[in-house]
Amino acid sequence: MEGVGEEEMEGVDHLAHERNKSEFDVDAMKIVWAGSPHAFDVSDRISKLVASDPGFRKDNRSTLSRKELFKNTLRKAAYAWKTIVDLRLSEEEAAKLRFYVDEPAFTDLHWGMFIPAIKGQGTEEQQQKWLPLAYKMQIIGCYAQTELGHGSNVQGLETTATFDSQTDEFIIHSPTLTSSKWWPGGLGKVATHAIAYARLIVGGREHGVHGFIVQLRSLEDHSPLLGITVGDIGMKFGNGAYNTMDNGVLQFDHVRIPRNQMLMRVSQVTCEGKYKQSDVPRQLVYGTMVYVRQTIVADASCALSRAVCIATRYSAVRRQFGSQNGGPETQVIDYKTQQSRLFPLLASAYAFRFIGEWLKWLYADVTQRLQANDFSTLPEAHACTAGLKSLTTTATADGIEECRKLCGGHGYLCSSGLPELFAVYVPACTYEGDNTVLLLQVARFLMKTVSQLGSRLSSKKPVGTIAYMTRVEHLMQCRCGVQRGFAELSADLVEAAVAHCQLIVVSKFIEKLQQEIPGKGVKQQLEVLCNIYALFLLHKHQGDFLSTGCITPKHAALANDELRSLYSQVRPNAIALVDAFNYTDHYLGSILGCYDGNVYPKLYEAAWKDPLNESVVPDGYHLYIRPLLKQEIRTARL
Ligand SMILES: CCCCC/C=C/C(=O)SCCNC(=O)CCNC(=O)[C@H](O)C(C)(C)COP(=O)(O)OP(=O)(O)OC[C@H]1O[C@@H](n2cnc3c(N)ncnc32)[C@H](O)[C@@H]1OP(=O)(O)O
Ligand SMILES: Cc1cc2nc3c(=O)[nH]c(=O)nc-3n(C[C@H](O)[C@H](O)[C@H](O)COP(=O)(O)OP(=O)(O)OC[C@H]3O[C@@H](n4cnc5c(N)ncnc54)[C@H](O)[C@@H]3O)c2cc1C
């Protein structure tokens, strides 16, 4: 292009000078971020496979209508499945491929909820019948729990499942408008089956909410079966975004299903109509939600790291003010205000990565214990998954928006990737449990265990952890000491719940650093990020910490000084720390975050691809603008 300076030429790494500053082994950090050499290999290979296949392009999404967008999503899902089958990808590789395709679709719920629900709540026999069909995608499932009138309050669901001992069937029915299933992903236009949650009624007696496998559509022509009214609930937040997903509405009109389609691992109904509650906590019927909440924490680290990668690379490219004697202007990443907003988010991305690893271990451990009918850690697993899902999704949603702001005006362009990332991500604060409702669950757990907090304080813990533990104990003592009901104190108790979850994240980050971490300078970088995460929160919530007396105002001032020093230590490593996420430009979907930092030519080129620029004179000029300019429109009476 004419007048293109050397600095704007393609193929030049405009961030090379930043990458050369790195003080640690980036390849080793990539392994730490991925979790293991094997995980890195799968991730690296599959992300490049997706990025190199034009069948998975996503740069046109914002220009498609809802129907075009949805049909394109169906095409991609089918193409992804064909790729998985043709290449004989493993379950792990297939999951990675769906992740890097990066498009909310019915497959998320089929693989992410429908199958786990059968695995977690189905009997052996039911698993043997349904899982092979689901794994081969000969049926497509969704998770139909939420209704128009109830989502948070699962025990308030109104759909009924009445046992008919004459025919050995359940009759599934939507008795009211508000009992219509509403929101389930994949339900609107695709799912052939649902795990439907309904109030079990046997012999005129209610036994609470249970899960049932219900076929919704014909496997021959996809038409809804008798008694099934089903459709999409309409456009959602943002243009492209989550509108690739057919969140649906579903009404049952006395739909009959065989008795063996009630998920019966937790409780059973015999053909004689006897209800048997096995000696497991009824809350196991919520097991799928617990499973998904722990995956959502890992997803938070992915979404936040994606936004931070974009904002960090662009902050190193963008120069504004500060030119000395005609020299280059200052990189905005060098401004202390930019660092104080950006680097805590970088630290949070790593913190959430490691807490996600720990939560995955905790979930596997509690699942193993459940096999042996050991329910001792179930309450803690529920509190941890609920609380950490709430904490990490709120911080990530806020963090993506902060990254947009860190990129100035260009952050508001769709080509920055940030508006779409935000629009797709924010429902994570609501689905799988509204974040406040989940924190209330944590608060309940803390109320019951607050007496044990003291004992945990005395045990050998790093100083940082003790400050955080003292904060939680203090916040709880202040609330529990006051003789007022839970509801009255709930807003305060939610704050204590957040403090408890932040304690967990900080302590697990510290524990991570006690492990063997190979690679030159890698552990040192993680120590800096861990200190940034802990001190940033201490600074943000210093009122809590000061009121507990475990730090003094001088400590608070020192912590702030230390934060500035830590930001200076991160600065030369910032680009390398986001390179370690190993995201392809395709997955990032961001001109501002492109690997080579060649932003301006790409922004300029992208603008002309907008459909509005297909004609120099806009459609509508002759009808509306020209008359205006020529005053051919009768001027309105003044
Ligand atoms: C890839 C992502 C795609 C996202 C697609 C989205 C999908 C969805 O959104 S699916 C629908 C998600 N919906 C929810 O998350 C609903 C949230 N609501 C609930 O989970 C529950 O209604 C509740 C936990 C808020 C309340 O349940 P309830 O039955 O009313 O129980 P109580 O609060 O009275 O608690 C009784 C007792 O049970 C314990 N407990 C509650 N839940 C669990 C659990 N999941 N696991 C283990 N234990 C649980 C609770 O702690 C109480 O214990 P005690 O205090 O000892 O009695
Ligand atoms: C994109 C998306 C995808 C979804 N996918 C699915 C799916 O596949 N399957 C499915 O079954 N569902 C799905 N859902 C539904 C989702 O699970 C529910 O919306 C969610 O659980 C929140 O419930 P609600 O809508 O009833 O919120 P509400 O509970 O009505 O929340 C409204 C407000 O009330 C407050 N509140 C509620 N109860 C209390 C209380 N006891 N104390 C204090 N405050 C309270 C909440 O904090 C919130 O501020 C999806 C939702 C979205 C947005």
Side-chain angles (χ1 to χ4, degrees), residues 4-33 44 304-324 327-350 399 402-408 410-411 416-418 519-522 524-529 532 564-603:
V4 172
E6 206 285 309
E7 72 288 349
E8 290 173 349
M9 287 170 65
E10 273 305 315
V12 171
D13 180 359
H14 298 262
L15 290 170
H17 65 291
E18 288 291 340
R19 292 182 167 111
N20 293 335
K21 293 176 188 169
S22 166
E23 297 160 342
F24 68 97
D25 181 342
V26 180
D27 290 332
M29 186 69 89
K30 287 180 180 178
I31 304 287
V32 171
W33 178 262
D44 188 57
L304 183 57
S305 57
R306 211 169 138 178
V308 165
C309 183
I310 294 167
T312 302
R313 286 177 176 168
Y314 182 63
S315 296
V317 167
R318 184 68 168 179
R319 291 175 178 273
Q320 204 70 196
F321 296 115
S323 164
Q324 304 295 329
E329 292 180 75
T330 302
Q331 290 169 276
V332 298
I333 197 170
D334 286 326
Y335 289 121
K336 292 302 177 190
T337 48
Q338 192 84 352
Q339 293 178 7
S340 67
R341 292 160 61 197
L342 178 60
F343 293 163
L345 296 177
L346 173 58
S348 300
Y350 276 86
E402 188 61 25
C403 286
R404 180 191 65 78
K405 290 187 280 189
L406 281 160
C407 294
H410 303 342
S416 76
L418 290 163
K520 175 181 90 62
V522 171
Q524 289 80 346
Q525 287 305 314
L526 293 175
E527 281 164 353
V528 169
L529 293 175
I532 286 176
R564 273 196 301 278
S565 161
L566 290 164
Y567 295 157
S568 304
Q569 294 174 53
V570 167
R571 172 62 189 89
N573 299 289
I575 292 300
L577 284 166
V578 300
D579 283 350
F581 303 145
N582 200 40
Y583 293 143
T584 62
D585 282 353
H586 169 272
Y587 176 65
L588 276 182
S590 167
I591 288 176
L592 304 190
C594 59
Y595 182 84
D596 67 8
N598 192 23
V599 171
Y600 294 138
K602 289 185 169 88
L603 274 185

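Side-chain atoms are counted along with the backbone in the values below, which use heavy atoms only and exclude waters and symmetry mates. Positions are given from 1 along the sequence.
- Ala574 meets the side chain to side chain contact (heavy atoms under 4.5 Å, CB included) test with Thr312, Ile333, Phe343, Val570; sequence neighbours excluded.
- For Ser323, the side chain to side chain contact (heavy atoms under 4.5 Å, CB included) test picks out Glu329, with sequence neighbours left out.
- Side-chain atoms of Arg306 come within 3.5 Å of backbone atoms of Tyr587 as a donor-acceptor pair (strictly under, hydrogens ignored).
- The distance from atom CG of Leu588 to atom SG of Cys309, rounded to the nearest 0.5 Å, is 4.5 Å.
- Judged as a salt bridge (Lys or Arg N to Asp or Glu O under 4.0 Å), and not counting sequence neighbours, Asp585 has no contacts.
- Scanning for salt bridge (Lys or Arg N to Asp or Glu O under 4.0 Å) contacts around Lys21 gives Glu18, with sequence neighbours left out.
- The line from CZ of Arg318 to SG of Cys407 is 10.0 Å long, rounded to the nearest 0.5 Å.
- Annotation: side chain of Gln525 is in contact with side chain of Glu23 (closest heavy-atom distance under 4.5 Å).
- Listed for the Lys602 side chain is no donor-acceptor partner under 3.5 Å among the backbone atoms of Leu592.
- Summarising the geometry, atom CG belonging to Leu418 is positioned 12.5 Å from atom NZ belonging to Lys405; distances are rounded to the nearest 0.5 Å.
- Between Gly322 and Thr330 the shortest heavy-atom distance is CA-OG1, 3.5 Å.
- Partners of Val317 according to the side chain to side chain contact (heavy atoms under 4.5 Å, CB included) rule, which considers only residues two or more places apart in sequence or in another chain, are Leu15, Val599.
- Residue pairs meeting the salt bridge (charged side-chain N to carboxylate O under 4.0 Å, His left out) criterion with at least one member in residues 338-348, sequence neighbours excluded, are Arg341-Glu402.
- Scanning all heavy atoms of the two residues, the minimum distance from Ala28 to Gly519 falls at CB-CA, 3.6 Å.
- Ser340 and Tyr567 make their closest contact through CA-CE1, 3.6 Å (heavy atoms, listed as atom of the first residue, atom of the second, distance).
- In terms of heavy-atom proximity, Ser568 sits nearest to Lys336 at OG-NZ, 3.3 Å.
- In this structure, the side chain to side chain donor-acceptor pair (under 3.5 Å) partners of Asp579, at least two apart in sequence or on a different chain, are Arg19, Arg313.
- Not counting sequence neighbours, Asp27 has no partner by the side chain to side chain donor-acceptor pair (under 3.5 Å) test.
- Under the side chain to side chain donor-acceptor pair (under 3.5 Å) criterion, Ser305 pairs with Tyr583, sequence neighbours left out.
- Under the rule for a side chain to side chain donor-acceptor pair (under 3.5 Å), the partners of Ser315 that lie at least two apart in sequence or sit in another chain are Gln338.
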Criterion side-chain contact (heavy atoms from CB on, under 4.5 Å) on Phe581 and Met29, from CA distance to verdict
CA-CA 8 Å; Phe581 303 145; Met29 186 69 89; over 6 Å; no
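- Side chains of Glu527 and Gln569 form no contact here, defined as non-hydrogen atoms less than 4.5 Å apart.
- The CD1 atom of Ile310 sits 10.5 Å away from the SG atom of Cys594 when rounded to the nearest 0.5 Å.
- Of all the heavy atoms in Gln331 and Ala316, the pair that sits closest is NE2-O, 2.8 Å.
- For the side chain to side chain contact (heavy atoms under 4.5 Å, CB included) test, residues two or more places apart in sequence or in another chain that qualify with Thr337 are Tyr335.
- Atom CG of Asp44 is separated from atom CD1 of Ile31 by 9.0 Å, given to the nearest 0.5 angstrom.
- Remark: side-chain polar atoms of Tyr350 are paired, donor with acceptor, to backbone N or O of Leu577 under 3.5 angstrom.
- Taken from CD1 in Ile532 to CG in Leu526, the straight-line distance is 11.5 Å, to the nearest 0.5 Å.
- Using a 4.5 Å heavy-atom cutoff, the side chains of Asn598 and Val12 are not in contact.
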